[in-house]
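The structure displayed is predicted, hence computed values, not measured ones. Note that ligands are numbered from 1 as they come in the structure, with each ligand's atoms numbered from 1 the same way. Starting from 1, each residue takes its place in the sequence as its number.
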Amino acid sequence: MKKIILVIAAVMAFSLAACSQSKTKEEPKMNDPAAKKTLVAYFSATGTTAEAARQLAKAADADLYEIRPEQPYTDADLNWNDKQSRSSVEMKDRKSRPAIKGRLENAAQYDTVYIGFPIWWYTAPTIINAFIEQTDLAGKTIITFATSGGSTVSKATRDLKSAYPNLTWKEGGLLNDRSLSEAQALVERMK
Ligand SMILES: Cc1cc2nc3c(=O)[nH]c(=O)nc-3n(C[C@H](O)[C@H](O)[C@H](O)COP(=O)(O)O)c2cc1C
């Protein structure tokens, strides 16, 4: 009888050890750099930045996330010649925060986040501020990119750096060609 109990105890101890071992193996290592991913998050009112973002996601082997306004921008909203248009009013009030549809889930899995937007009035649209403020980006490298009629992304990056000095910023560049080779060159520059 004693022998049987001993055998059962030994079998149980062995299977417990095997079980805990396989569990350790399956658990992702949180500090493993290979486990971290890249995200391309973008806002696009008329599709230009969206195309650039798709090329960039390909070039960087990254996930893609669209920052979508709760209320899409109409042509009238985008009329910069009209001081009363939605974009003019929002950009004049740097504290405006247009509502975003949905939220980025699982931000923790990314260590590099490209943030892209059309240049509006030489800087980033305020929906970008809304996105940054509702997403935990602490400790991640944030790289700016944009499309524009010619303005660079420099002032936008400076403005974002000074609004969020505790985040880690890098200036990416313009992707006005919206080509894969242009996006690949940007990714290379950021290495
Ligand atoms: C309200 C508004 C302001 C703009 N201001 C600028 C600007 O200051 N400099 C510039 O080069 N382009 C400016 N543009 C042009 C856009 O940056 C450009 O068309 C961009 O590629 C549009 O991207 P999207 O299609 O992703 O919205 C402006 C466009 C709009 C609608």
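Of the polar atoms of G47, at least one N or O is found under 3.5 Å from an N or O of ligand 1, judged by distance alone. Taking any N or O of S87, backbone or side chain, none lies under 3.5 Å from an N or O belonging to ligand 1. Of the N or O atoms in T147, one or more lie within a sub-3.5 Å distance of an N or O in ligand 1. Taking distance alone, with nitrogen or oxygen atoms compared against 3.5 Å, A50 stays at or beyond that limit from ligand 1.
The OH atom of Y114 lies 6.0 Å from the CG atom of L186; values are rounded to the nearest 0.5 Å.
Close contacts between ligand 1 and T49 involve ligand atoms 23 (O), 24 (P), 26 (O) [criterion: under 4.0 Å to a heavy atom]. Ligand 1 places these atoms under 4.0 Å from at least one heavy atom of G150: 11 (O). Near Y122, meaning under 4.0 Å from one of its heavy atoms, ligand 1 places the atoms 7 (C), 8 (O). Listed by number with element, the atoms of ligand 1 under 4.0 angstrom from any heavy atom of A45 are 24 (P), 26 (O), 27 (O).
The shortest contact between atom 12 (N) of ligand 1 and any protein heavy atom is with G149 N, 3.1 Å. Ranking the protein heavy atoms by distance from atom 31 (C) of ligand 1 puts L78 O, 3.5 Å first. For atom 14 (N) of ligand 1, the closest non-hydrogen atom of the protein is I119 O, 3.2 Å. Nearest protein heavy-atom neighbour of atom 5 (N) of ligand 1: W121 N, 2.9 Å. With hydrogens left out, the protein atom closest to atom 2 (C) of ligand 1 is W120 CD1, 3.5 Å, a heavy atom. Closest to atom 22 (C) of ligand 1, if we only count protein heavy atoms, is P118 CB, 3.5 Å. Ranking the protein heavy atoms by distance from atom 9 (N) of ligand 1 puts S151 OG, 2.7 Å first.
Not a single donor-acceptor pair under 3.5 Å links the side chain of K170 to the backbone N or O of T141. When atom types are taken as modelled, the side chain of R178 and the backbone of T147 share no donor-acceptor pair closer than 3.5 angstrom. Checking side-chain atoms of E182 against main-chain N and O of D177 turns up a donor-acceptor pair under 3.5 Å. Side-chain N or O atoms of D77 include one that pairs as donor or acceptor with a backbone N or O of T74 at under 3.5 Å.
Between F43 and W120, the ring planes are perpendicular. Angles over 60° get that label, and only those under 30° would be called parallel.
The closest side-chain donor-acceptor pair between E66 and S44, if any, does not fall under 3.5 angstrom. Between the side chains of Q184 and E188, no donor-acceptor pair of N or O atoms lies under 3.5 Å.
Minimum heavy-atom separation, I128 to G116: CD1-O, 4.0 Å.
Atom 25 (O) of ligand 1 is approached by the protein to below 4.0 angstrom, counting heavy atoms only.
Checked against K155 for a side-chain hydrogen bond (donor to acceptor under 3.5 Å, both in side chains), the options D159, T152, T157 give a single hit: D159.
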